[in-house]
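Please read the structure below before turning to the comments.
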Amino acid sequence: MGVTGGLLKILPNAAAFRKVDLRSFKNGIQHSTTTKEPTPLRIGVDICVWMVSADRAFGSQLGDERHFSNHGRAELLNAGETEESERERLERDLNYVNCCTEYIIRRLNALREETNVEILVVFDGATPPGKQTEVTDRRNRQAVYEQQRDEPVDTTGSREAEERRIKALRKAGASRHYAGVYTAVMEALRKERIPFLVAPYESDGQLAFLSMKKYIDLIVTEDSDLICYGASPILFKLKDSPMLEGIFEGILVCKEDLAANQGSVNLLDFSPGMLTVLFVAVGSDYSPKLDGIGIVTACKIVRKAFLSGHEDRLAMVFEGLFAAARKLSLTEEDKKVYKKKFMEALLAYRHPVIFDPVEKRCRLHGITHDGEVSETEAELLTHVPYAELVNDVKRRERITGCIQPPSLSILIAEGYVCPRTRRTRKNMTIPRNVKADLIQLGIWKDFNNPNGAETENERHDSSNSSNQVSGIKRKSLRDPRLKPCDEDSSTDSGDFLYSQPFSTRPPTNG
DNA sequence: CGTGTGAATACAT
DNA sequence: TATTCACACG
């Protein structure tokens with residue numbers, strides 16, 4: 001996940017943020033000046049955070065409830081080895097998955113009903129190889145939590161130990177059942193006719209792509225990395241508590257907001273490439289940061305490097321950063337490593353692997369299938385080592401991941417194939433036409449019915465698959481509303497302000 | 001002045 | 001547990 005303080009790092013002046021209530025879009029938006037009829041606001045929801053949220057809400061179920069009360073703890077100690085039965089455990093796990101799923105569906109439906117928006121849910125896919133090291137660390141931490149969760153009840157009954165345990169429980173949460181929640185949510189989405197899409201890799205890049213192609217009008221996420229991808233507009237911090245008023249309020253961030261509010265940090269004249277460089281410089285998921293480089297310093301360095309007419313801007317950026325950094329023990333080797341990581345991060349943000357729902361295949365953002373790189377990247381490609389990285393398919397794939405053939409990509413996007421393992425998902429109803437595709441790809445595996453006979457259930461579902469599966473195929477991938485709305489969607493030339501769809505923007509409060 | 005730190009607070013569960 | 005504040009360092 002993104003740098004949480006990142007939003008504030010970039011935009012320290014919170015007052016300048018626009019608080020927006022999605023209900024004010026009930027009547028749709030004026031999509032372009034040529035279209036008269038307002039159309040529903042199309043939002044892409046980064047569902048990952050909602051899953052985490054569900055996890056937080058129900059994760060404690062995974063532990064024995066008795067651990068939470070003194071009475072229960074005593075009971076456990078007296079009973080000695082009161083291992084819950086297998087049956088009990090399964091029931092509890094199932095209940096957990098159901099709770100999480102219901103939680104998410106409830107929110108999405110509430111959102112849909114109250115705001116009349118069109119929702120496209122976007123799931124995270126595989127972790128890009130370039131980020132793998134981070135994730136490995138995260139997994140180690142996760143393992144520690146799980147270990148703490150599963151360790152026997154502290155016989156001393158010390159409060160600290162118990163609190164630690166509960167905390168660990170919360171954090172470990174669904175990890176073990178995450179796949180279960182994933183498939184359950186996807187099944188539920190099909191049932192509810194809510195379009196969704198599984199990104200080949202990170203949802204950030206996918207959402208940014210959808211946004212830039214104008215397949216969606218607004219991104220709903222918690223991840224400030226989206227800014228780094230050059231996406232706009234973005235709605236952060238959408239309240240997710242069903243009890244409170246203001247569930248549909250969030251903080252809207254458009255490109256203009258990056259410009260206006262702060263004296264020393266004015267990003268108005270920043271190209272998308274510069275913005276990415278800036279984000280990488282202040283620290284990202286993909287690369288470490290230099291000590292002493294904050295938003296202000298980085299901003300100055302990037303501006304100077306890009307706007308002072310120097311050919312090799314990236315080299316200038318590096319120079320500036322190294323000069324400004326508190327150079328305690330910055331050896332040549334350190335610099336070399338830093339530059340390498342920096343460029344890898346840059347590649348990851350500028351050219352993520354995405355699924356194009358109109359072309360119906362994966363590709364690198366900003367790079368055509370013929371390997372032609374977008375004009376917007378010219379200012380970065382003048383740095384030879386970076387250009388080499390971008391143009392070297394093998395090295396590139398080691399960062400961004402591979403581009404799967406369309407047949408497989410579609411099945412991944414539709415949720416039938418796990419993007420990480422590239423195998424059929426367990427516990428998922430597979431319609432007949434999808435099954436045929438899976439067989440053809442040689443990755444079909446019938447988890448529920450090993451002898452291969454068609455069940456009543458399956459028959460039922462395939463008969464209606466033209467509507468249902470294609471819940472995703474029809475509703476989101478083939479939905480005409482997902483076509484680019486303007487012919488100017490190809491004008492990628494640095495303009496990602498996206499002010500057009502928000503011509504009916506509600507009055508700002510605050 | 002900007003950055004990095006830890007402590008205090010408000011918040012939600 | 002996340003955000004905000006106050007302070008020290010360069």
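Note that this is a predicted model, so its numbers are computed, not measured.
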Revision key, fill the gap. Hits for ring-ring contact (aromatic ring centres under 6.0 Å, His included) against A/Y386, two or more places apart or cross-chain, chain-then-number order -> none
Review point. Quick one: A/E222 CD to C/dT1 C1', roughly how many Å, whole number?
Key: 14 Å
Exercise for review: In whole angstrom, give the distance that lies between atom OH of A/Y103 and atom C1' of B/dT13.
Suggested key: 11 Å
Check your understanding: Salt-bridged, A/E187 to A/R190, with N to O below 4.0 Å?
Key -> yes
Review point. To the nearest Å, how far apart are A/I295 CD1 and B/dC1 C1'?
Key: 15 Å
Check your understanding: Between A/K289 and B/dT3, is there a side-chain N or O to OP1/OP2 distance below 4.0 Å?
Key -> no
**Study point:** Option from A/I119, A/V117, A/D217, A/L210 for which side chain to side chain contact (heavy atoms under 4.5 Å, CB included) with A/R42 holds
**Key:** A/D217
Revision key, fill the gap. Scanning both residues in full, the closest heavy-atom pair of A/V97 with A/A184 reads CG1-CB, 3.4 Å
Review point. When the distance from CD1 of A/I251 to P of C/dT3 is rounded to whole Å, what number comes out?
Key: 10 Å
**Study point:** Cationic N near anionic O, under 4.0 Å, A/R92 to A/E88
**Key:** no
Kindly give the atom pairs (protein nitrogen or oxygen, nucleotide nitrogen or oxygen) under 3.5 Å for nucleotides 8-10 of chain C.
none

**Study point:** Closest heavy-atom pair and its distance - A/I47, A/I104
**Key:** CD1-CG2, 3.8 Å
Revision key, fill the gap. Taken to the nearest whole Å, CZ/A/F236 to P/C/dA2 is 17 Å
Point to revise | Nearest-Å distance for atom pair CG/C1', residues A/D291 and B/dG2 | key: 12 Å
